Amino acid sequence: MTILIEQPEFGVEVGTEAGEKKVFEEEKELVLDDGLFVVPHTNSFGQTFRDYDAEGERQPSVEIFYQINHINQTYDFVQRMRKEYSKLNRVEMSIWECCELLNEVVDESDPDLDEPQIEHLLQTAEAIRKDYPNEDWLHLTGLIHDLGKVLLLPRFGELPQWAVVGDTFPVGCSFDQANVHHKYFKENPDYYNPAYNTKFGVYSEGCGLENVMMSWGHDDYMYLVAKENNCTLPSAALFIIRYHSFYALHRAGAYKHLMNEEDVENLNWLHVFNKYDLYSKSKVRIDVEKVKPYYLSLIEKYFPSKLRW
């Protein structure tokens, strides 16, 4: 079954920036200092990380992406997507098979990365592994956190990019100013709905993020897949999977009035994870076949051999 989502026409033509893309003459190794991952100063494009205003090759298309995303991610839309995809009736496959499916996926919302997604998964996982050798659950979380991006592929409904990637945010309450390109929320029908446009909206103080509807995308989908297939990862891992794109929370501290005590504890691990998720996006190359046996052993430890997707 393919879910058809009508996309608005903005009449905007995305052109390419004048000027040439930076060319890296040599591939960089994973940057370590005394065994610890060192945050690089620039991303794959040689620019500051998550600079949505920087003039560059990806900037115009990234902004248009967020305009469409912010207009269409409504409370009703999220409810429909969760109801449909929680059926997990599309594909049966292993975690590693899903990793391999991401080879052709490029995230149009990301101003930092132009590599195939499996490269980013392994960059993240390997950087975490070097700094936290005893936290194998965190290594595996690094590997699988973006697997929900398979929603872009035909057998998963071939959803448009705005319904799969990008920063996530709660729906059903007011859109915080901390959200990237906040101005486009004014075109979202929920912005003017008195049931949804207050600080708490349909929620209550300290209700817990598990009870909050997040904008639909790969984060929430992979969270549903992991939870419903009875994986044995700790709650912090599921928290990271579901909220790793929730930058308004873990970078700006927004929406904390909705958190409960367990969320507060798990947020500490998300802050740890975010360093590796974001800053490993440089020209680091990973030997897939060399590390594959290790990650297969972790998958076997925490997941069934086949999962419903």
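Hydrogens, waters and symmetry mates are skipped; everything else that's a heavy atom, side chains included, is used. As the structure is a computational prediction, the values presented were derived from the model and not from experiment.
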Within the structure provided, determine whether Lys275 and Asp131 are in side-chain contact (heavy-atom separation under 4.5 Å).
yes
Donor-acceptor contact below 3.5 Å, side chain Arg242 vs main chain Leu209:
yes
Rounded at 0.5 Å granularity, tell me how far CD in Glu265 sits from OG in Ser235.
8.0 Å
Which residues pass the side chain to side chain contact (heavy atoms under 4.5 Å, CB included) test with Ala248, not counting sequence neighbours?
Ala178, Asn179, Phe246, Ala254, Tyr255
State plainly whether one hydrophobic cluster holds both Tyr184 and Tyr75, where clusters connect Ile, Leu, Val, Met, Phe, Trp and Tyr through side-chain heavy atoms under 4.5 angstrom apart.
no
Distance-only polar pair, side chains of Asp219 and His244, donor-acceptor under 3.5 Å
yes
For the residue pair Tyr221 and Trp309, does the interplanar ring angle fall in the parallel (under 30°), tilted (30 to 60°) or perpendicular (over 60°) class?
tilted
For residues 288-304, the salt bridge (charged side-chain N to carboxylate O under 4.0 Å, His left out) pairs (sequence neighbours left out) are Asp136-Lys301
Establish, yes or no, whether the cationic atom of Arg129 lies under 6.0 Å from the six-membered ring centre of Tyr294 and within 45° of the ring axis.
yes
What distance do Cys231 atom SG and Ile299 atom CD1 have between them, rounded to the nearest 0.5 Å?
12.0 Å
Close side-chain approach of Tyr192 and Lys186, heavy atoms under 4.5 Å:
yes
Tested for side-chain contact (heavy atoms from CB on, under 4.5 Å) against Phe169, the lone hit among Asn69, Leu249, Val180 is Asn69
I'd like to know if the side chain of Glu228 pairs up with that of Tyr223 as donor and acceptor (distance under 3.5 Å, no hydrogens or angles considered).
no
Any side-chain heavy atom of Leu307 sitting closer than 4.5 Å to one from Val225?
yes
In terms of ring plane angle, is the pair Phe185 and His70 parallel, tilted or perpendicular, where the classes change at 30° and 60°?
parallel
What I'd like to find out is whether the side chain of Leu298 reaches to under 4.5 Å of the side chain of Leu143, using heavy atoms alone.
no
Could you please spell out the steps behind the side chain to side chain contact (heavy atoms under 4.5 Å, CB included) verdict for Tyr85 and Leu151?
CA-CA 10 Å; Tyr85 280 94; Leu151 289 173; 3.4 Å; yes
CG of Leu159 to NE2 of His218: how many Å apart, nearest 0.5 Å?
13.0 Å
Going by salt bridge (charged side-chain N to carboxylate O under 4.0 Å, His left out), name the residues that satisfy it together with Glu210, two or more places apart in sequence or in a different chain.
Lys227
Check Ala236 against Trp137 and note the closest heavy-atom contact, atom names and distance.
CB-CH2, 3.9 Å
Between Tyr276 and Gln123, does any side-chain donor sit less than 3.5 Å from a side-chain acceptor?
no
Check the orientation of His257 and Phe200. Use parallel for under 30°, tilted for 30 to 60°, and perpendicular for over 60°.
perpendicular
Using the rule given for ring pair (Phe, Tyr, Trp, His ring centres under 6.0 Å), can you reason through His145 versus Phe273, listing the C-alpha separation, both sets of side-chain angles and the distance that settles it, and then say yes or no?
CA-CA 10 Å; His145 74 283; Phe273 176 85; 5.1 Å; yes
What distance do Asn266 atom CG and Leu238 atom CG have between them, rounded to the nearest 0.5 Å?
9.0 Å
Looking at Thr74 and Phe77, would you say the former's side chain and the latter's main chain have a donor-acceptor pair under 3.5 Å?
yes
